[in-house]
Amino acid sequence: MRTKILVSKDSIYFICLFLFVLIESLQKIYFFAQNEMVAVLSSIISLFVGITLTVICLAGKYSARTFFLLIFIGSLLFIGYINSKMSAYLIGFLFLVSGTNVDIRSILKTIRYAISISIIISLFLYFIGLSDIGIARRGYNGWGFVHPNVAGQVFMLVILLWIAEHYLTLNLFRINTILIIGELFIFLLTGSRTVLITMTALVALLPLFRKIFVKNSDNLVVKISELINPISLMLTFATAKFLYYVPFFQRLDSLMVNRIFLNSFALEKFGIRLFGQNSDLKTEGTVYNSLRNVYWNAGITVDSTYMTSLLTMGLIPTLIWTVAYVLMMKRVAETKNYIFFTIALVLCFESFMETGMLTIYNNFAFFFLTAEIINTSNKKEAELINEQNTKSN
């Protein structure tokens, strides 16, 4: 007698998510970063994940209007992928559509497990001497990763993922205690000021949005915050485009350690195309910043996810992703989930100052758009569902 083994759609989804996040995270480790075999394996896994998620998406039930809208958006992102050779937005789109109504906590846990495994591997390789970049700027090292800032970002994401995953059981005091201890620990290890700023902003903003959502989520502050992604995108472009004409932008560039100059230089050199371009945005040779009388003799690149998106992913894919972020913020506001809302807000700060937030697992707030989220304003319902899930686990 034959035994049928049935694998649920959600199980296939989580396998794809775990494999994708793990192989992408491994490429941030110095030992694997330049390894061609790992790059080939990543391409194979990405292809497998892309095909599998496409099948899941096509097997879903949609209205005619929704189906054609998804085909249209997917086609635009596919054209962007063909031009840029970067699959981040297309894969992200497939994860969002195929993950509709999947429990957000299971999604976050899967991502957290995959990233945590990469951290363990990185630390192991670092301590046995196989993945050590040496002492980087300001006297910090990368703990096995390609740069201290990358290490700091990865450590931070694990903490934010854990907090978001336990949004039904954590109170504000516990969250802020974890964040304060976590940010100090990460700063001492990596010296990442971006992580320090991001997590400090989260500590400061959580009480504000908790108070707002308790009273009324239909608030001017909330409405403005929902637009943080397009605001950040426009600010990134404006500061880069008009850096040499606006003194305030020049002072801001000084505070941000030349990040705006790097954006401005890349914008002038590479330009913005509708569907992106295949470029790593790196410049070799000597580059001169006349505003600060600074020379770079090594290769430089861009330190902003927004500018990276505009230059490599293209204008149209970037606008699609920006609209998706606004819709996500609006949906989270409707659920009155101040934890998710504030995390999504500060991840935009991280994107403004660092690269690496193009991928959906790094900017995991995108999953809030389609995943199943419990409305935290209904405490009885939230407690009941949480209790049921705890028993089932």
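- The distance from the CD atom of E183 to the OG atom of S192 is 11.0 Å, given to the nearest 0.5 Å.
- Between the side chains of S264 and Y244, no donor-acceptor pair of N or O atoms lies under 3.5 Å.
- Taking both residues in full, the closest heavy atoms of D253 and I260 are given as OD1-N, 3.1 Å, listed atom of the first, atom of the second, then distance.
- Under a cut-off of 6.0 angstrom, the local environment of NZ in K211 is sparse, with at most 12 non-hydrogen atoms contributed by other residues, nucleotides or ligands.
- Aromatic ring pairs are classed by plane angle as parallel below 30°, tilted from 30° to 60° and perpendicular above 60°; the pair F364 and F368 is perpendicular.
- Aromatic ring pairs are classed by plane angle as parallel below 30°, tilted from 30° to 60° and perpendicular above 60°; the pair Y13 and F95 is perpendicular.
- A side-chain donor-acceptor contact under 3.5 Å links Q153 and E350.
- With ring centers used as reference points, Y167 lies under 6.0 Å from F340.
- The shortest heavy-atom contact between M307 and A240 is CE-CB, 3.7 Å.
- Aromatic ring pairs are classed by plane angle as parallel below 30°, tilted from 30° to 60° and perpendicular above 60°; the pair F213 and F341 is perpendicular.
- No donor-acceptor contact under 3.5 angstrom links the side chains of E354 and S304, judged on distance only.
- In this structure, CD on Q250 lies 11.5 Å from OG1 on T239, to the nearest 0.5 angstrom.
- Each of F366, W321, Y81, F275 was checked for a ring-ring contact (aromatic ring centres under 6.0 Å, His included) with Y89, and the lone residue meeting it is W321.
- Inter-residue side-chain proximity for L281 and F270 is flagged as met; some heavy-atom pair is nearer than 4.5 Å.
- Under 3.5 Å, the side chains of N263 and Y306 contain no donor-acceptor pair of N or O atoms.
- Of all heavy-atom pairs between C16 and F48, the closest is SG-CE2, 4.2 Å.
- M234 and L252 fall into different hydrophobic clusters, where Ile, Leu, Val, Met, Phe, Trp and Tyr residues are linked whenever their side-chain heavy atoms come under 4.5 Å apart, directly or through other members.
- Side-chain contact between I339 and L172 is absent, with no heavy atoms from C-beta onward closer than 4.5 Å.
- For the residue pair S98 and K9, the shortest heavy atom distance occurs at O-NZ, 3.5 Å.
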Next item on the list: Take E372 and R105 through the salt bridge (Lys or Arg N to Asp or Glu O under 4.0 Å) test and state the conclusion after the steps.
Entry: CA-CA 9 Å; E372 180 187 43; R105 290 170 296 180; over 6 Å; no

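- A 4.5 Å side-chain heavy-atom check between T110 and V21 finds every atom pair outside the cut-off.
- Counting only heavy atoms from C-beta outward, the side chains of Y30 and F145 never approach each other to under 4.5 Å.
- By the 30° and 60° cut-offs, the orientation of the rings of Y361 relative to F20 is perpendicular.
- By the 6.0 Å contact criterion, CZ on R273 is open, its count of non-hydrogen atoms from other residues, nucleotides or ligands being 12 or less.
- Counting only heavy atoms from C-beta outward, the side chains of S46 and E24 approach each other to under 4.5 Å.
- Evaluated for a side chain to side chain contact (heavy atoms under 4.5 Å, CB included) with I186, the options L184, L189, T190, L188 yield exactly one hit, T190.
- The 12-atom threshold is not exceeded at CZ of F78, counting heavy atoms of other residues, nucleotides or ligands nearer than 6.0 Å.
- Remark: the T308 side chain and the T305 side chain contain no N/O donor-acceptor pair separated by less than 3.5 Å.
- Considering every non-hydrogen atom in both C57 and Y62, the closest pair reads O-OH, 2.5 Å.
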